[in-house]
Amino acid sequence: QVQLVESGGGLVQVGGSLRLSCAASGRTFSNYAMAWFRQAPGKEREFVSRISWNGGSTYYADSVKGRFTISKDNGKNTVYLQMNSLKPEDTAVYYCAADRYPYVVVVRTTTGSYGYWGQGTQVTVSS
């Protein structure tokens, strides 16, 4: 069982930066790949980024590649999303999620692949 709590969202101007954090509880956090999704008003939840269970590989949606960086600190049971060069279209509620199963190495980008979700944190980019 994994519980997830996001933080770090807020209001930022175009071109600014934010770092989201996702604190996990549950002693098997280190065994799970983690991901960030986002959902804008009136739109479906979409994949943003994923990091492997050991932090060794990362994957990004094309829309954020080169601007966002995902990282995982298994010692602190925390996953991060560093967001730079923010754009108005990045405005959304951001959710962290843990893969449904431990030790998965395949890149999974669909919401159904994730069994544990945080409550979300709002990111608003103003122009």
Side-chain angles (χ1 to χ4, degrees):
Q1 189 75 13
V2 177
Q3 288 92 35
L4 305 173
V5 178
E6 303 97 335
S7 61
L11 175 64
V12 64
Q13 291 187 334
V14 170
S17 298
L18 282 174
R19 187 176 82 155
L20 305 183
S21 299
C22 174
S25 60
R27 55 195 173 101
T28 59
F29 167 81
S30 60
N31 300 341
Y32 289 83
M34 301 292 294
W36 288 94
F37 286 76
R38 66 187 182 186
Q39 188 167 19
K43 295 188 177 181
E44 293 188 354
R45 193 168 298 190
E46 67 172 359
F47 172 82
V48 174
S49 182
R50 174 181 169 98
I51 188 165
S52 61
W53 64 272
N54 61 358
S57 63
T58 57
Y59 185 78
Y60 299 92
D62 287 343
S63 58
V64 306
K65 201 172 295 182
R67 300 187 298 121
F68 290 12
T69 303
I70 191 171
S71 59
K72 189 172 187 266
D73 187 334
N74 284 336
K76 295 182 178 180
N77 280 6
T78 301
V79 62
Y80 303 97
L81 185 68
Q82 177 66 44
M83 306 186 296
N84 299 329
S85 302
L86 283 161
K87 305 175 181 180
E89 51 264 43
D90 294 319
T91 295
V93 177
Y94 283 70
Y95 299 89
C96 72
D99 199 290
R100 191 174 293 277
Y101 303 106
Y103 303 119
V104 173
V105 296
V106 174
V107 175
R108 288 144 67 100
T109 63
T110 60
T111 56
S113 299
Y114 296 84
Y116 308 96
W117 293 85
Q119 82 290 348
T121 186
Q122 176 70 47
V123 172
T124 302
V125 184
S126 65
S127 56

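Positions are given from 1, in the same order as the sequence printed here.
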Measure from the side-chain N and O atoms of [X] to the backbone N and O of [Y], and report whether any donor-acceptor pair falls under 3.5 Å.
X	Y	value
S49	Y59	yes
T58	I51	no
Q82	R19	no

Just so I know, are the side chains of [X] and [Y] near enough to count as touching, which here means a heavy-atom distance under 4.5 Å?
X	Y	value
W117	R45	yes
R108	D99	yes
T121	L20	yes
L81	T69	no
I70	V48	no

- Message: By the disulfide (SG to SG under 2.5 Å) test, which pairs, at least two apart or in different chains, include something from residues 61-93?
- Response: none

- Message: Show me the pairs that pass disulfide (SG to SG under 2.5 Å) and involve residues 67-100, at least two apart or across chains.
- Response: C22-C96

Mind listing the closest non-hydrogen atom pair of [X] and [Y] along with its distance?
X	Y	result
G120	E6	N-OE1, 2.8 Å
R38	Y94	NH1-OH, 3.0 Å
Y32	A98	CB-CB, 4.4 Å
N84	S17	OD1-OG, 2.9 Å

- Message: Within this structure, what is the CG-OG distance for the pair L86 and S127, rounded to the nearest 0.5 Å?
- Response: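 Going from CG on L86 over to OG on S127, the span is 13.0 Å.
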
- Message: Is the positively charged end of K72 above the ring of F29, judged by distance under 6.0 angstrom from the centroid and angle within 45° of the axis?
- Response: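 Here K72 passes the 6.0 Å and 45° test against F29.
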
[X] and [Y]: same hydrophobic cluster, using ILVMFWY side-chain contacts below 4.5 Å?
X	Y	answer
V125	M83	yes
M34	W36	yes
V79	Y60	yes

- Quick one: name the residues clustered hydrophobically with W53, using the 4.5 Å side-chain heavy-atom rule over I, L, V, M, F, W, Y, and just say none if it's on its own. Y103, V105

- side-chain contact (heavy atoms from CB on, under 4.5 Å) evaluation trace for F47 with T110: CA-CA 7 Å; F47 172 82; T110 60; over 6 Å; no

- Query: What residues, two or more places apart in sequence or in another chain, satisfy side chain to side chain contact (heavy atoms under 4.5 Å, CB included) together with R67?
  - Reply: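 Partners of R67 by the side chain to side chain contact (heavy atoms under 4.5 Å, CB included) criterion, ordered by chain and then number, come out as V64, S85, K87, D90.
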
- What residues, two or more places apart in sequence or in another chain, satisfy side chain to side chain contact (heavy atoms under 4.5 Å, CB included) together with V5? Q119

- Message: Would you say CD of E44 has more than 12 non-hydrogen atoms from neighbouring residues, nucleotides or ligands within 6.0 angstrom?
- Response: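 12 or below, so no.
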
- Query: For K43, does the NZ atom have more than 12 heavy-atom neighbours from other residues, nucleotides or ligands under 6.0 Å away?
  - Reply: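 Not buried by this count: 12 neighbours or fewer within 6.0 Å.
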
With distance as the sole criterion, is a donor-acceptor pair present between the side chains of [X] and [Y] under 3.5 Å?
X	Y	result
S25	Q3	yes
T124	Q122	yes
D73	T78	no

- Is the centre of the F37 ring less than 6.0 Å from the centre of the Y95 ring?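 Between Y95 and F37, which both carry aromatic rings, the centre distance is not below 6.0 Å.
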
- Please assess V123 against L18 for the test side-chain contact (heavy atoms from CB on, under 4.5 Å), listing each intermediate value before the final yes or no. CA-CA 9 Å; V123 172; L18 282 174; 3.9 Å; yes

- Partner residues of N54 under the side chain to side chain donor-acceptor pair (under 3.5 Å) criterion, sequence neighbours left out: S52

